[in-house]
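See structure below.
For the numbers below, each heavy atom of this structure counts, side chains included, while hydrogens, waters and symmetry mates do not. Chain naming here is simple, since letters A, B, ... match the order of the sequence lines and numbering starts at 1 in each.
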Amino acid sequence: MISAYILITIQPGKTDKAIKEMRKIENLAKISIIAGEYDIVVRAQVKNLEELLGVTDKLQMIEGVTKTTTQIIEKEISLQ
Amino acid sequence: MIIRKKYLFYVLAITSSIIAAAVTGIDSFVGAQSAFVNDPWAFAFSIFFVGSIVTLLITLILSVQIRGESLGAKILDPSFKKLRIIQKSELKFHLIAGFMNAINTVGYCAIVSTIRDPSVILSFSQIVILYLLLMESITEKDVPTLVEIQSSVIVTFGAILASISLTGEFDLSSILIVFIIINPTWAIFSIYQRKLKIMRINNKPNDSINIRVWNVIFSCVFTSILLFVFDIFTGGGHLVAGFTTSISLYYFLLVAIVMSTTFFAYVLYIRSLGMGKASVNNAIRASTIIFAIPFSIILLQLGVIEQFSTDPVMLVIKVIGITMIVLGIISFALTVVKAYIFINVKPGYPLDETMKKLWGIRGVTHVTATAGKYDFIVKISTRTLMKGYEKTVRKIEEIDAIKKYKWESVLRDWENI
């Protein structure tokens with residue numbers, strides 16, 4: 001299983017509509033709207049890199065998404 | 001299903017409270033059976049003895065694999081794979097939690113067996129939230145914020161008002177049992193269940209289902225020992241009575257219903273303990289008092305329990321108490337600040353060491369080493385931005401390996417459950 005954070009930049013005013021579309025994508029475990037350089041952070045959980053490509057492709061097809069930066073998780077420590 | 005992340009913790013804790021309220025209803029019916037009314041100690045043993053068998057059976061069913069994933073992972077806890085033997089690193093925590101649960105239950109039985117109306121005394125067990133705040137300040141080195149103290153006090157006194165009964169006597173020795181035995185043991189039990197949930201087993205998050213199974217088993221062992229010692233000193237036969245009652249089919253089935261329902265309440269409670277502090281969890285759990293009302297009405301209609309007081313003064317006190325509980329919980333829910341911190345590190349510093357240092361910072365809930373533009377993505381959760389700055393940002397700045405970082409506050413988030 002591969003996990004990755006995808007940092008997304010959105011056109012102003014398109015966030016709500018983009019979130020609605022993102023919630024339909026199956027492999028997204030978490031979606032967060034953030035304030036700063038990026039507008040949205042999503043956490044993808046996929047079986048392989050090809051599936052990850054599919055997720056980023058779906059994200060980039062959403063209206064309003066202008067840029068995605070993918071960070072593949074190599075190691076993790078978490079409370080949950 | 002994807003739901004707001006902020007609400008997942010509250011969904012788990014409140015669902016656990018609703019199930020716990022149902023258990024309270026069933027419990028009052030089962031506890032009122034002649035064999036248990038005459039011997040609450042036998043009831044304590046029966047709970048854990050039958051509970052161990054039922055919990056193991058449910059866990060075996062939940063271990064069934066469906067399309068590469070266990071049934072338990074699909075419906076209760078995504079971290080659950082299958083029933084497993086505990087690891088050496090978990091043993092100490094299980095022994096403490098099991099011992100505390102056993103003492104707590106024996107203390108509860110001591111009150112039930114001596115007081116005609118235990119609700120007068122047991123309402124003071126809600127003060128456990130304040131015990132937890134104090135213990136967390138010491139054990140987790142996490143000083144509670146003003147909001148946490150205010151909300152906890154509101155919930156605690158609300159819970160006392162909502163659950164207190166105006167009938168029944170006020171017995172000093174029973175109050176002492178609540179303050180010296182029941183509250184501290186429950187607080188320690190909750191803290192150690194949380195420690196177990198936070199632990200990583202084979203580099204994966206620990207699951208709440210195995211934690212519950214082993215807690216019931218250890219509680220059963222310790223309750224048996226405590227009752228055995230108690231029987232020797234008092235010349236009683238509670239342990240034998242508990243065992244004899246447990247193997248009777250009628251009583252076995254009754255206790256099995258209680259313990260199978262309790263299993264689901266506890267699994268969700270343990271899972272929520274992994275997501276938030278034990279004090280906040282117990283404050284939300286005080287809502288059991290509210291959810292118990294419809295179950296009490298159903299039991300009243302079925303003739304299982306006697307008519308309860310409808311004195312107007314009593315009702316006003318209860319409504320004030322319930323309002324305070326709801327306000328306190330809302331106050332907790334609305335005061336969480338979360339943020340992502342994107343970090344770049346200097347070359348020449350081992351990543352593992354930096355990762356451990358980041359994980360050691362209070363408020364950090366996730367540390368991930370990533371490949372890409374950033375070396376680490378850290379997620380933090382705190383009550384106020386000021387606390388986030390003092391407890392997290394200043395500590396990050398102290399780590400030599402960190403070259404630069406970006407703080408990005410979370411405005412809203414969703415999680416797939």
Checklist entry - Which is it for A:I34 and B:W407 under the side-chain contact (heavy atoms from CB on, under 4.5 Å) test, yes or no, and what are the steps along the way? => result CA-CA 10 Å; A:I34 56 170; B:W407 170 292; over 6 Å; no
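- Here the straight-line distance linking atom CZ of B:R412 with atom OG1 of A:T15 works out to 11.5 Å at 0.5 Å rounding.
- We find the OH-OH distance between A:Y38 and B:Y340 to be 13.5 Å, quoted to the nearest 0.5 Å.
- Atom NZ of B:K406 sits in a crowded spot, with more than 12 heavy atoms from other residues, nucleotides or ligands closer than 6.0 Å.
- With a 4.5 angstrom heavy-atom cutoff, A:L7 touches chain B only via side-chain atoms.
- Residue contact with chain B, scored on non-hydrogen atoms closer than 4.5 Å, involves the side chain of A:T69 exclusively.
- Taken from OG in A:S32 to NZ in B:K379, the straight-line distance is 4.5 Å, to the nearest 0.5 Å.
- Using non-hydrogen atoms only and a strict 4.5 Å limit, the part of residues 369-377 of chain B facing chain A consists of B:A369, B:T370, B:A371, B:G372, B:K373, B:Y374, B:I377.
- If you measure heavy-atom distances from B:D352 to chain A, the contacts under 4.5 Å come from the side chain alone.
- No more than 12 heavy atoms of other residues, nucleotides or ligands sit less than 6.0 Å from atom NZ of B:K356.
- A:I40 contributes atom CD1, which lies 12.0 Å from atom CG of B:D413 (distance to the nearest 0.5 angstrom).
- Both the backbone and the side chain of A:E37 come within contact range of chain B, with heavy atoms under 4.5 Å apart.
- For B:S17, the side chain to side chain donor-acceptor pair (under 3.5 Å) test picks out B:S287, with sequence neighbours left out.
- Side-chain contact between A:K30 and B:H366 is present, with at least one heavy-atom pair separated by less than 4.5 Å.
- With chain B as the partner, the residue from A:R43, A:Q71, A:E74 showing the most heavy-atom pairs under 4.5 Å is A:Q71.
- A 4.5 Å side-chain heavy-atom check between B:M355 and A:I77 finds at least one atom pair inside the cut-off.
- Dense packing is recorded around CD of B:E397, with more than 12 heavy atoms of other residues, nucleotides or ligands lying under 6.0 Å away.
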